Amino acid sequence: MDVVILLGAPGSGKGTVAGRLVAADKTLRHVSSGDLLRDAVRRHTAAGDEAEAYMKRGELVPDALIARLVAELMAELKGPRVLLLDGFPRTVAQAQMLDRTIEDCGASLSAVVLLDVPDEILVNRIAGRRICPACGAGYHVTNIPPRVDGICDACGGALKVRKDDNPETAKNRLAVYQAQTVPLIEFYEARGVLRRVQGTGPIDEIVERARRTF
Ligand code: ADP
Ligand code: ZN
């Protein structure tokens with residue numbers, strides 16, 4: 001199994017790009033650390049109860065917590081040719097934990113795709129983001145509107161604003177990205193696996209640019 005890491009700020013489009021890549025190629029599998037955590041919070045697992053307060057504040061959950069969730073999931077994965085990791089790793093410590101997990105699974109890291117998006121666009125994307133809690137599909141009120149206002153195209157579910165997409169928490173998440181995740185760019189650049197992809201413009205073109213990197 002090849003591992004492809006999607007790196008980028010909150011609102012950079014990691015989840016949207018991953019969703020479209022998987023829709024076009026069933027040998028890919030998408031794992032979002034944010035979705036894993038939100039699911040754990042909803043199910044009130046021990047990890048979810050611990051993670052909830054951090055997520056509400058827009059802070060990162062402890063490295064070991066998320067690394068364990070991802071490692072457990074990767075150990076069970078059978079089948080995908082490529083695993084798209086979205087939202088993990090986000091710190092250098094997590095990247096080191098992921099190295100061990102990749103080795104344990106007999107997998108290999110094939111690319112780190114950095115979605116490059118200017119800050120002022122990020123703020124607008126986060127403010128307009130809507131998600132379908134039922135199926136995980138993502139929308140944006142003006143950029144990717146659903147066919148019927150407030151209703152998921154894919155499953156008919158009611159669209160919601162994510163709790164941590166309010167302006168205050170979103171600002172904190174962007175600051176956390178700068179402080180804790182940006183150092184990963186250099187970490188992976190030094191290994192020669194970093195691929196920069198322009199994350200603005202028509203979505204189909206962004207997806208195609210990302211697809212060509214691995
Ligand atoms: P975004 O990237 O748009 O901020 P995510 O859905 O990826 O949103 O993450 C939401 C929240 O979940 C983060 O603000 C953080 O609290 C937590 N989280 C997700 N992934 C990680 C991670 N790899 N390490 C620590 N915390 C994480
Ligand atoms: Zn849906």
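In listed order, ligands and their atoms are each counted from 1. It should be emphasised that the depicted structure is a prediction, and the values quoted were computed from it without experimental measurement.
Looking at Arg162 against ligand 1, only its side chain comes within 4.0 Å, counting heavy atoms. Both the backbone and the side chain of Leu60 come within 4.0 Å of ligand 1, judged by heavy-atom distances. Within the 4.0 Å heavy-atom criterion, the part of Asp164 lying near ligand 1 is the side chain and not the backbone. Contacts of Val61 with ligand 1, taken as heavy-atom pairs under 4.0 Å, involve both backbone and side chain. If you look at Arg57 next to ligand 1, there are no close heavy atoms at all, none under 4.0 Å. For Met55, heavy-atom contacts with ligand 1 shorter than 4.0 Å involve the backbone as well as the side chain.
Summary of contacts: the protein heavy atom closest to atom 17 (C) of ligand 1 is Leu37 CD1, 3.5 Å. The protein heavy atom nearest to atom 2 (O) of ligand 1 is Arg90 NH2, 3.2 Å. In terms of protein heavy atoms, atom 20 (N) of ligand 1 is closest to Ser33 OG, 2.7 Å. Atom 1 (P) of ligand 1 has its closest protein heavy atom at Arg173 NH2, 3.5 Å.
Contact check for Leu85 versus Val4: no side-chain heavy atoms found under the 4.5 Å cut-off.
In the vicinity of Arg38, heavy-atom distances shorter than 4.0 Å reach the ligand 1 atoms 6 (O), 10 (C). Interface of Lys14 with ligand 1, defined as ligand atoms under 4.0 Å from a residue heavy atom, comprises 2 (O). Against a heavy-atom cut-off of under 4.0 Å, Glu59 is close to the following atoms of ligand 1: 15 (C), 16 (O).
Cation-pi geometry between Arg173 and Tyr177 is not met at under 6.0 angstrom from the ring centre and within 45 degrees of the axis.
If you count the protein N, O or S atoms nearer to the Zn ion (ligand 2) than 2.8 Å, you get 4.
Ligand 1 does not have Lys56 within reach: every non-hydrogen atom of the residue lies 4.0 Å or more from it.
Ionic pairing of Asp49 and Arg43 is not present here: no N-O contact between side-chain nitrogen and carboxylate oxygen is shorter than 4.0 angstrom.
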